[in-house]
Protein chains: 2
Amino acid sequence: MKPEIPTLDDVARGANVSTATVSRCLNSPEQVSAKTREKVLKIVKKLGYTPNFGAQALAAKRTNTFGAIVPTMNNAIFAAGLQAFQEELGRNGATLLLASSSYNAKVEEEQIRSLVSRGADGLLLIGTQRSENIYHFLEDREIPFVIAWSYQENKNRSCVGFDNFEASHALTTKAINLGHKNFAIISAYTASNDRADNRVKGIKAALEDYGIETQNLPLIECEYSIQNGAESFRTHIEQDNRPTIIMCGNDVLAAGAVKQAHEMGLKIPDDISITGFDNIELASVIEPALTTVHVRHKRMGMLAAQVLLKQIEEKSYRDNIKLDTQIVEGRSLGRPCYQQR
Amino acid sequence: MKPEIPTLDDVARGANVSTATVSRCLNSPEQVSAKTREKVLKIVKKLGYTPNFGAQALAAKRTNTFGAIVPTMNNAIFAAGLQAFQEELGRNGATLLLASSSYNAKVEEEQIRSLVSRGADGLLLIGTQRSENIYHFLEDREIPFVIAWSYQENKNRSCVGFDNFEASHALTTKAINLGHKNFAIISAYTASNDRADNRVKGIKAALEDYGIETQNLPLIECEYSIQNGAESFRTHIEQDNRPTIIMCGNDVLAAGAVKQAHEMGLKIPDDISITGFDNIELASVIEPALTTVHVRHKRMGMLAAQVLLKQIEEKSYRDNIKLDTQIVEGRSLGRPCYQQR
DNA sequence: AAACAAAATGTAAGCGCTTGCATTTATAAT
DNA sequence: ATTATAAATGCAAGCGCTTACATTTTGTTT
């Protein structure tokens, strides 16, 4: 004997009013007199009524649900930002539908469609790089979205992110000024990941600024993982022309590199410098602490939510927010060996 | 001029069949002749039709959406398990609604209610510790749920987890056998976290097995964070009767402890042993690698999804799955100083 | 070719809610 | 009191889909 789940009707009957009144009590209480409101809310509580989501969505054409598609939940890169995003949504009575694409553009596209058909009122997307098709899909349906983790000036699309190119450029310049000339890179796949791509481009641009050849710059692309970082590090080190610095696309790769360096008996930064990106907690724990780029992930997540919510209220609202990054000085970046005294 | 979103009706009209047929094409294709099926699917594709989620939910009384409430997304503890959970759901055409409770029982309860009212077909809960009320709420509505990360024998409730007590007990026994007598603990708050609680209990039980006093066992409870691990470590070390080993409730705390040990110039494990729990990636990267407890998080997430899906199919299905754990030997646990030669 | 069973399709009644519009009630102004 | 105006409430039409049941089509058997 399962207790029937109460409906609006039940509440209406209980309070001796129409369903419309009950609905208004819940959604726009100011339209209802204090007296009836009280009466209705008492019944709501007594019956333990909760609105049926599907019915609400169907009738109101909104769900108070937002979707986010992240490339992965497996490492900490997105966790803090997402948590903040979710909390900000929560503060506004909305919930988060989360999907992950495993860094696969096709999967991402499916997820986007799926979230939309699930009635997501808006979407959080990571990075700018996806087919125009999918942007049109969203724009046609007037589904608000905001792009995070990347910054891009674009009047028609909102973003909250930081300039990966610039940050990477700055970090590289710092390394050059320490005397490094012999670079190697470990990056995520750049083809479908504008963050990774821009980080690599930032490095190359900085090198070129100083007249350093980038034609044969050793570059290994792989998925973000400690394991891959370690393996790629080894490959770089075993090259003929061993680099004095290995710049990693993120801290996870860098952590793997550091681990491998230890295992190969290389001193950091005396024998080899290593840099990361993101400044996840990990960066401060490993020995030596990573020199990396700090990003205010939490702030980014919160702002993304705010922008998105504003777009719901005001259809045409758009914003491009660029967050600062700063270089965190660990001890994994130092002068190259031939510059030391 | 926004292009109207196509409905079932549009497809039906386009294919010159009834909406019922279209619906069947999509949901139980075997009931439709190959010819019409083809015809219909062509129109579906042509129009880019996707079912309206709300309507579907309303009419079918299921959403293919599952909810999960995790204590936090901020550290890696839950990430791998959740990802696996989500992937397994995805393989079965379902999606994940994710919420986080910030380790707050009241928030968790709200989230559960919210997910249910959003039409979650089933729920993933972390740990066993919550008010009976909320269990009744779910059971009354016949909402399937599965408890993960904790193991508990209970015919009426499904769980997929491991025995925190046992694992912790084993690790402690190992430490005792190495000669440790002077223990200290850094744990998450045990009051509303049965995993943390059982881990502490496991330690105490092991100590008592060997006749070691646990009345005054130094125990600090705090939130999981590197920062807190570091601070708690310092507090323990500055005690009168300095412990020879500090056992941490998880790897994140342990990482903080290790960091602090370095900063205080303490050698691990010669001056102080440190243990973790969970064996997150972090554990293998820090120096020295942590001695910790490995849990097959991915497997757990996958199994949890399977149990949950089975419960949907077969209302009365229940399962209690206990996963093995194993001690991972890092170098952070060694003989206490007075035992060394 | 008739008779029947099985397969395919159509009809239409909701699912539980929101909301524009109509109606009633309370409040204010004359 | 009477009327005009505003506030509160009710009525009822959907929102887009699923599914029990009715009907038609197809195939099989005699």
Side-chain angles (χ1 to χ4, degrees), chain A residues 2-41 43-44 47-65 93 114 116-121 141, chain B residues 2-41 43-44 47-65 93 114 116-121 141:
Chain A
K2 80 175 167 196
E4 283 307 310
I5 293 170
T7 70
L8 243 208
D9 242 339
D10 298 329
V11 178
R13 215 167 311 118
N16 207 21
V17 295
S18 73
T19 60
T21 301
V22 179
S23 172
R24 280 189 283 253
C25 266
L26 267 26
N27 299 311
S28 43
E30 72 284 357
Q31 287 185 40
V32 176
S33 77
K35 210 174 53 184
T36 41
R37 199 188 317 152
E38 231 168 82
K39 182 172 60 176
V40 169
L41 292 181
I43 306 289
V44 165
L47 264 46
Y49 167 79
T50 24
N52 175 300
F53 177 68
Q56 203 166 0
L58 184 56
K61 297 177 184 309
R62 60 180 161 57
T63 58
N64 278 319
T65 301
S114 151
V116 167
S117 82
R118 288 199 129 63
D121 288 344
R141 286 160 202 248
Chain B
K2 78 174 168 196
E4 282 309 309
I5 294 171
T7 69
L8 243 209
D9 241 339
D10 298 329
V11 179
R13 214 168 312 120
N16 207 21
V17 295
S18 73
T19 61
T21 302
V22 179
S23 172
R24 280 188 284 252
C25 266
L26 268 25
N27 299 312
S28 42
E30 72 285 357
Q31 288 185 39
V32 176
S33 77
K35 211 173 53 182
T36 42
R37 199 187 317 153
E38 232 169 80
K39 184 172 62 175
V40 168
L41 292 180
I43 305 288
V44 165
L47 263 45
Y49 168 78
T50 27
N52 175 300
F53 177 68
Q56 204 165 2
L58 184 56
K61 297 176 182 310
R62 58 178 164 55
T63 57
N64 278 318
T65 301
S114 152
V116 167
S117 83
R118 285 199 133 64
D121 288 344
R141 285 158 202 251

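Letters A, B, ... mirror the listed sequences (proteins, then strands); counts begin at 1. Every heavy atom of this structure was used, including side-chain atoms; hydrogens, water molecules and symmetry mates were not.
- Per the geometry, CD belonging to A:Q31 stands 16 Å off C1' belonging to C:dT25, to the nearest Å.
- Going from atom CZ of A:F53 over to atom C1' of C:dT18 covers 15 Å, rounded to whole Å.
- Using a 4.0 Å heavy-atom cutoff across all strands shown, B:Y49 reaches sugar-phosphate atoms only and no base atom.
- Look at NZ on A:K35: it is 8 Å from P on C:dA26, rounded to the nearest Å.
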Protein-nucleotides 10-13 of chain C N/O pairs closer than 3.5 Å?
residue	atom	partner	partner atom	Å
C:dG10	OP2	B:S18	N	2.8
C:dG10	OP2	B:S18	OG	3.2
C:dG10	OP2	B:T21	OG1	2.7
C:dG10	N7	B:R24	NH2	2.8
C:dG10	O6	B:R24	NH1	3.2
C:dG10	O6	B:R24	NH2	3.4

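- D:dC17 atom P lies 12 Å from atom CZ of B:R13, rounded to whole Å.
- A search for side-chain contact (heavy atoms from CB on, under 4.5 Å) contacts involving B:E38 returns nothing, not counting sequence neighbours.
- Nearest heavy atoms, A:T63 versus A:A57: CG2-CB, 3.7 Å.
- Residue B:S23 is classed as a base contact, given a heavy-atom separation below 4.0 Å to a base.
- One interatomic measurement links the two molecules: CD of B:E30 to P of C:dA7, which rounds to 12 Å at whole-angstrom precision.
- Between the CG atom of B:N27 and the C1' atom of C:dT9 there is a distance of 16 Å, rounded to whole Å.
- Contact between the side-chain N/O atoms of A:Q56 and the OP1/OP2 oxygens of C:dT18 is found at a separation under 4.0 Å.
- Rounded to a whole Å, the CG atom of A:D9 is 13 Å from the C1' atom of D:dG10.
- With hydrogens and angles left out, the side-chain atoms of A:T65 and B:R118 include a donor and acceptor closer than 3.5 Å.
- Open room surrounds CG on B:N16; 12 or fewer heavy atoms of other groups in view lie less than 6.0 Å from it.
- The shortest side-chain heavy-atom distance between B:L26 and B:L41 falls under the 4.5 Å cut-off.
- Taking side-chain N and O atoms only, A:N52 has no distance below 4.0 Å to OP1 or OP2 of C:dC15.
- Counting only heavy atoms from C-beta on, B:L58 has its side chain closest to C:dC15 among C:dC15, D:dC15, D:dT18.
- Comparing C:dA8, C:dG16, C:dC17 against the side chain of B:S33 picks out C:dA8 as the nearest.
- The heavy-atom pair separating A:G93 from A:N64 by the smallest distance is O-CB, 4.0 Å.
- Across the protein-nucleic acid pair, B:L26 atom CG and D:dC17 atom P stand 9 Å apart, rounded to whole Å.
- Side-chain contact check for B:T19 and B:D9: no donor-acceptor pair (N or O, by modelled atom type) lies under 3.5 Å.
- Side-chain nitrogen and oxygen atoms of B:T36 include at least one within less than 4.0 Å of the OP1 or OP2 phosphate oxygen of C:dT9.
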